[in-house]
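Please read the structure below before turning to the comments.
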Amino acid sequence: MTETIASLVEIAQVFSGDEVGNTIHKHFEGNKKSNGVVIVDDKLRPIGLIMRTHFYQMIGTQFGFSIYMNRPVHLLMKTKLLCLDESCELAQFGFEAMNRDDNDVFDYVIVLREDHYHGIVSINTFLSVMSEIKQREIELLNVQQRILEEAHVQEKGLRQEIEMKNRSLKMLLDNADQGFLSFNADLRISEGHSSVCSAIFRRPIAGMNFGALMEEYLDRDQHRLLVDSLTSLFQLTGESRAKAYLKILPNEFNTGSRAISIAYKILSFAETKSLMVILTDITDKKALEKKAQEERNNMKLILSAINNKAEILDAIEEAESFFSGEVDRLLREKNSVSEALAVMFRVVHTMKGDFALRSLYATAVKLHQLEERLAVLVNAGESCHQAQLRDLAAGVDFAAMVGDDLAVIREYLGDDFLDTEKQIAVSAERIESLVNVIKDRYNGSDCEFLVQSIQELTYPALNTILAGYSGYIEILALKLGKEIDEIEVVGDSFHINRQLYASFLRSMIHIFRNIVDHAIEVPEERVEKGKPEQGKIHCHLHQEDEWFVIEITDDGRGIDTAVIAAKALEKGVYNREQLSSLTEKQILETIFLDSFSTKQEVSMLSGRGVGLSAVRNEIMMLGGTITVRSVVDKGTTFTITLPNKR
Amino acid sequence: MANILIIDDSVMSRNKLKKILDSSDHTVVGEAQDGVEGLAKFKKLSPDLVTLDVTMPNMDGLQCLREILAEKSDAKVVMITALGKGDTMLEALDAGAADYITKPFEDANVLGVIAGALEQG
């Protein structure tokens, strides 16, 4: 309110102080609307004020008329004046005017211009103007309030809309298969997590520390990595580097029966940094994948069963006889428990490889578990007791181990596939007794021919047996991302007694596994070295009267004696002194020693380094030898010499 | 558009990386086969970005990373590592590496990580 009183100024009649009361009376009589007059001096400066009501009050007193009517008005005028300049603001004016004595409150306020009389402001006018202004202000306020109210309604609408959006978003999130939660630098999980999270963790998680929450689901190293990475991440300023940290965080965990994948997303990385965690239950997906893998394995098993029926039945029979009596025999015959244990470990290891080769994966997995338990005993060293080994062996139910794979074969190929021995799935004992029957009944050349013919059946050609590893090599190469041509078998073609060489033939798998796993390089590396992308495995067979020789050559990376020496030292196979006295050839042959391996991972594929020692042991039992030659980056040749047994 | 130095002891890895980078608009300005050579080439060539293998003879990747950052505190270094080396990568990132790439290489991932690293302030 910065208005001045200028617009309220009215004109009031002025008189000199010398005028008599009668003149004023005449003025009031003649101007009914005039409520007062101003008395000024000769320089037009206000010296007094006569208000109509005040004037007639004075005249109306006893003797008033006779005293004042013919005397100068300065005797009855009010001299206590309120004079204000025309520039005075309304507020100031109101304050001054209303602060006058009660009797004077409705008197004119005199307005000056440059200290001279200019006009008056009547309180009536002032009040009516003030009320108009108030009215205008109230209207303005009303308009403002209406605007505010409208804005409020609008805001409420917007808020409802946002709330609805949030609600529907939450509903969407709650009904998604994924759980969403978020937290800031303090890792405290915020309230707004989706309900799937509660289902996954089976507890209220709002307010919990994400690191503490995950502790029970991750192993110690993973958990430390999670907490350390998050701590580092939240200290950063750049979002791009923060994203690099996200890649380190664990991406899967298990909650009892469910498998959960975790993805992370930066929600904001400005003043407040917050991270969203997206949890997906992948149990069903994994189960499906597992099922698909099982289907693939089953098909391989069926194919293998059709092609290798005799070998599979042989292997099963042999395994059954090993677990039912051999272990006891080993414990009786061997000098120490650890020696018996070493043999058992080797046998189980070879058996595992053999069943895997024949695509009986379920059986191989169970043998792998058995091997793990044996490994624990092997590592226990001397402290392993005979009773422990005996208990472990007694607890093995091989029929149960092989049961799942056999059930699959029966399901696809019929119940009697394994029982109707159309092919030569004939046990050695039965052939032996058949031969004995023939020997009893026949004589001379007839007998010789018959026995020979029957035995031929169990004397397969060695080149066919070796070429049979192609399928295994192909699968293994595929798993390891390598490319290998089909095995090439050249040289003499001859038959061997399957029964006599069965264990040796089975152990050969370790040589091929070593070649695929360790020797043949991945295609890029081969190209780098100027070799064709496909690795080559070449078998050369040579037969003399008493002996036959198998040479297996690959064109892989060769064996680096420096690596072998370093490993032998690390594993304590040799000490530094012993090593320095060994020839290159002797160092190379370290690979045939028990418990030596150039790879540290233990898996069903790679084995534990008993592989090549198992081969050597089988060869030695037959009275043969194995040697190895190798040129780094060119390849390796294993030469196996065996007595020709009939 | 960046000048890149490759430090890796494996010829195969270097060639593979070079092939990927040559297919983009980046330029491989130098290659080194261990940390010592890498650091020397870094000082000489002042590349915009370094790809740095973790496991190397003479001076390993982490040490080399620290030396490079001591030389130029805002150097952009992308570590190269095998899968599953979370601890080492955390150490590298904490030490100031821009990002990391896991072997085996995927072209898109390599170029994506390098682009991200170059954008870092």
Side-chain angles (χ1 to χ4, degrees), chain A residues 211 214 218-253 262 264 266 269-270 479-482 520-531 533 557 560 562-563 566 599-601 603 633, chain B residues 8-20 31 33 49 51-52 54 57 65 69 73-107 109-121:
Chain A
M214 292 308 292
L218 300 172
D219 68 33
R220 195 140 42 101
D221 288 346
Q222 273 187 317
H223 181 253
R224 192 176 39 76
L225 196 60
L226 174 81
V227 174
D228 289 354
S229 300
L230 288 175
T231 309
S232 290
L233 185 155
F234 279 113
Q235 281 165 6
L236 292 173
T237 46
E239 186 169 341
S240 173
R241 284 201 62 219
K243 279 183 180 162
Y245 278 88
L246 295 185
K247 295 193 290 186
I248 308 178
L249 301 174
N251 51 24
E252 207 178 309
F253 67 94
I262 331 178
Y264 308 85
I266 289 172
F269 214 74
K479 274 186 184 157
L480 297 171
K482 299 181 179 181
I520 303 292
E521 308 92 333
V522 290
E524 295 94 324
E525 195 178 339
R526 289 181 62 84
V527 169
E528 189 62 41
K529 288 175 177 170
K531 298 178 183 182
E533 285 182 314
R557 60 164 61 91
D560 188 343
V563 174
K599 285 230 169 171
Q600 284 179 326
E601 306 96 295
S603 71
D633 279 347
Chain B
D8 201 317
D9 61 329
S10 149
V11 189
M12 216 176 76
S13 289
R14 287 207 302 273
N15 285 359
K16 179 95 184 146
L17 264 178
K18 190 165 168 7
K19 211 171 113 190
I20 296 172
E31 292 179 40
Q33 57 184 1
L49 185 142
T51 71
L52 178 55
V54 174
L65 168 71
L69 290 170
S73 61
D74 61 346
K76 297 200 166 69
V77 183
V78 170
M79 305 303 288
I80 307 285
T81 179
L83 263 177
K85 299 270 184 199
D87 281 346
T88 314
M89 284 313 96
L90 178 57
E91 198 181 336
L93 289 175
D94 281 350
D99 204 335
Y100 68 94
I101 297 168
T102 47
K103 287 193 257 193
F105 300 129
E106 282 168 41
D107 296 20
N109 181 39
V110 170
L111 294 176
V113 167
I114 285 177
L118 286 169
E119 274 171 26
Q120 286 180 21

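Any value given below was found using the heavy atoms of this structure, including those in side chains, with hydrogens, waters and symmetry copies removed. Owing to the predicted nature of the structure, the values given are computational and were not obtained by experimental measurement.
For A:Lys529, the NZ atom counts as densely surrounded, since its 6.0 Å shell holds more than 12 non-hydrogen atoms of other residues, nucleotides or ligands. Few gaps surround CD on A:Glu252; more than 12 heavy atoms of other groups in view lie less than 6.0 Å from it.
Here the closest heavy-atom approach between residue A:Ser240 and residue B:Gly116 is recorded as OG-O, 3.2 Å. Smallest separation of non-hydrogen atoms from A:Tyr245 and B:Asp94: OH-OD1, 2.5 Å. When all heavy atoms are compared, the tightest approach of A:Ile248 to B:Gly86 is CG2-O, 3.6 Å. Contact detail for B:Ala98 and A:Arg241: the closest heavy-atom pair is O-CG, 3.9 Å.
A heavy-atom distance below 4.5 Å is found between the side chains of A:Ser232 and B:Leu90.
For B:Asn15, the part sitting under 4.5 Å from any heavy atom of chain A is the side chain, from C-beta outward, and nothing else. Of the atoms belonging to A:Val527, not a single heavy atom falls under 4.5 Å from chain B.
With sequence neighbours left out, the salt bridge (Lys or Arg N to Asp or Glu O under 4.0 Å) criterion links A:Arg557 to A:Glu525.
A salt bridge links A:Arg224 with B:Asp87: the distance from a Lys NZ or Arg NE/NH1/NH2 to an Asp or Glu carboxylate oxygen falls below 4.0 Å.
With A:Lys247 as the fixed residue, the side-chain contact (heavy atoms from CB on, under 4.5 Å) test singles out one of B:Ile101, B:Thr102, B:Val113: B:Val113.
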